[in-house]
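Quick notes on the structure that follows.
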Amino acid sequence: MRNRVLELLREKKSSFLSGEKMARMLSVSRTAIWKNIQSLQTDGYIIESSPRRGYRLVKIPNMLFPAEIIEQFPVPTKIIASIPEKIYHYRQIESTNNTLKNLASEGASEGTVLIAEEQTQGRGRLGRSWSAPYSNGVYLSILLRPPLEPRQASLFTLLAAAAVTKSVLSILPGLNIGIKWPNDILIDNRKVCGILTELKAEADLLHYIIIGIGINVNFRKKDFPPELTKTATSLFLANNNREIARPKLAGKLLWEMDRLYRDYLAGGPQVVLTVWKEYNLTLGKQVTLKTVSDSFVGLAVDLASDGALVIEDEKGNKKRFHAGEVTLRNWAGEPDQ
């Protein structure tokens, strides 16, 4: 009901709409309208009221509310966040991935999204923590239930990285942004986004995949921990210290994720690999790849059909890696990033 009230106010734009008329249109009492108006005002919507004219929407808060995110879709999505009720919004949460895993175990439907203004225990790859202060970023997790075998799930990390990059470029075209394998989103060699993909599966049965995405949107320099000031950045800093509308970015991201996911289901892995390669910063570069037990130096020559990175050493031997930490190197052999 609250979303429907908001839609009516949004449709009238700067004009007033009476509570009586809204009540008739939605087949509810005027008291129900008034209560939903109060709820919207509590969440930061500036709604002007007039005893004779009704209500008018004046200003929308820069919050990641489901209605504001869906408003950004060019056309409706089919799977991910296809209705507002599929988006769970939290002001503060420990981890969007952990909470969504609980919802998935309880039977949440495919395409459910959990989004938060702040994460207190955000996590990145390899057990790293992820800084996620209040109202500065986009922190969300997406639940998917693809009819695939577990071994095919690794491509979803690449899919998410491509969707993030496409959504950022739709808002900031021409930005020097790209993907370092498998999913580090870099702007001028500094990380702006982290992606963590987790799954629940049996030997030959994939129950679900959860893709967690954290984007540094309106971070100032002072918002980064000292140890990250040289390796991390934000869209705000890349945009000449101008803020980005977070609901717009979140909406673009979920829309791109929905489209790429459906394209992947229809067309297979090559769809994801082709889009990922458009934005890659790794292929054709000298790299060092560190695994838990070893490291390998060579030229990153290609991606395998399952998303593995193919590296060729100086003797022409090729090896595939499904996981590891990549460091790009300059042509003199020194670490670049």
Side-chain angles (χ1 to χ4, degrees), residues 1-77 80-94 96 99-100 103 108-109 111-120 132-142 167 171 213 215 217-218 236 243-255 258:
M1 180 59 62
R2 175 182 138 132
N3 287 333
R4 295 172 71 187
V5 169
L6 181 59
E7 286 174 8
L8 292 178
L9 292 173
R10 202 194 303 274
E11 287 171 5
K12 292 297 289 185
K13 297 184 179 178
S14 58
S15 302
F16 281 90
L17 182 61
S18 72
E20 181 180 358
K21 186 172 183 179
M22 281 194 282
R24 288 200 308 269
M25 294 172 72
L26 300 178
S27 300
V28 297
S29 67
R30 291 180 64 181
T31 300
I33 297 296
W34 175 74
K35 287 182 177 179
N36 280 281
I37 292 290
Q38 281 195 317
S39 174
L40 289 166
Q41 290 173 326
T42 298
D43 275 339
Y45 287 88
I46 307 300
I47 300 174
E48 183 181 351
S49 61
S50 171
R52 295 184 178 180
R53 294 183 292 177
Y55 303 99
R56 181 177 69 168
L57 180 61
V58 177
K59 186 177 181 179
I60 295 170
N62 189 24
M63 300 282 282
L64 299 171
F65 294 134
E68 300 311 320
I69 291 172
I70 287 181
E71 182 71 12
Q72 307 303 320
F73 295 167
V75 296
T77 56
I80 297 173
S82 54
I83 55 174
E85 290 75 17
K86 275 192 172 184
I87 306 178
Y88 291 74
H89 173 262
Y90 290 79
R91 292 183 180 272
Q92 184 187 77
I93 202 169
E94 290 184 356
T96 57
T99 303
L100 190 53
L103 292 175
S109 63
T112 296
V113 176
L114 196 148
I115 193 163
E117 303 292 339
E118 178 182 13
Q119 282 192 120
T120 58
Y134 186 81
S135 194
N136 274 352
V138 168
Y139 321 117
L140 59 83
S141 296
I142 302 166
S167 63
I171 295 174
I213 300 171
I215 307 174
V217 183
N218 292 324
F236 172 83
E243 287 200 354
I244 303 296
R246 295 183 306 125
K248 182 177 182 180
L249 177 61
K252 296 283 188 181
L253 171 57
L254 293 178
W255 190 82
D258 181 78

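On a predicted model such as this, the values are computed, not experimentally measured, just so you know.
With a 4.5 Å cut-off on side-chain heavy atoms, Q72 and L254 do not count as touching. Between V138 and I213 the shortest side-chain heavy-atom distance does not fall below 4.5 Å. At least one side-chain heavy atom of I171 sits under 4.5 Å from a side-chain heavy atom of K248. Side-chain contact between R10 and E68: present, with at least one pair of heavy atoms (C-beta onward) separated by less than 4.5 Å.
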If you apply the rule side-chain contact (heavy atoms from CB on, under 4.5 Å), what do you find for M63 with D43, and how did you get there? CA-CA 9 Å; M63 300 282 282; D43 275 339; over 6 Å; no
Would you sort out whether T42 and S39 count as a side-chain contact (heavy atoms from CB on, under 4.5 Å), showing the intermediate values? CA-CA 5 Å; T42 298; S39 174; 5.7 Å; no
In sequence, state the C-alpha distance, the side-chain angles, and the governing distance for I70 and N3, and then conclude on side-chain contact (heavy atoms from CB on, under 4.5 Å). CA-CA 11 Å; I70 287 181; N3 287 333; over 6 Å; no
Determine, stepwise, if the pair V28 / R4 fulfils side-chain contact (heavy atoms from CB on, under 4.5 Å). CA-CA 11 Å; V28 297; R4 295 172 71 187; over 6 Å; no
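Counting all heavy atoms, side chain and backbone alike, P66 lies closest to I87 at CG-O, 3.7 Å. Nearest heavy atom pair, residue I215 against residue Y139, reads O-CE2, 4.3 Å. F16 approaches S50 most closely through the heavy-atom pair CE2-CB, 3.9 Å. Taking all atoms of both residues into account, the shortest heavy-atom contact from P247 to L64 is N-CD2, 3.8 Å. Taking each heavy atom of I244 and V217 in turn, the nearest pair found is CB-CG1, 3.7 Å. Between T99 and L114, the shortest heavy-atom distance links the atoms CG2-CD1, 3.4 Å.
Sorted pairs that involve residues 27-37 and meet side-chain hydrogen bond (donor to acceptor under 3.5 Å, both in side chains), not counting sequence neighbours, are lacking altogether. Screening residues 44-66 for ring-ring contact (aromatic ring centres under 6.0 Å, His included) gives Y45-F65, F65-H89 as the qualifying pairs, with residues at least two apart or on separate chains.
With sequence neighbours excluded, the residues that form a side chain to side chain contact (heavy atoms under 4.5 Å, CB included) with Q41 are I37, Q38, I47.
Between the OH atom of Y88 and the OG atom of S141 there is a distance of 13.5 Å, given to the nearest 0.5 Å.
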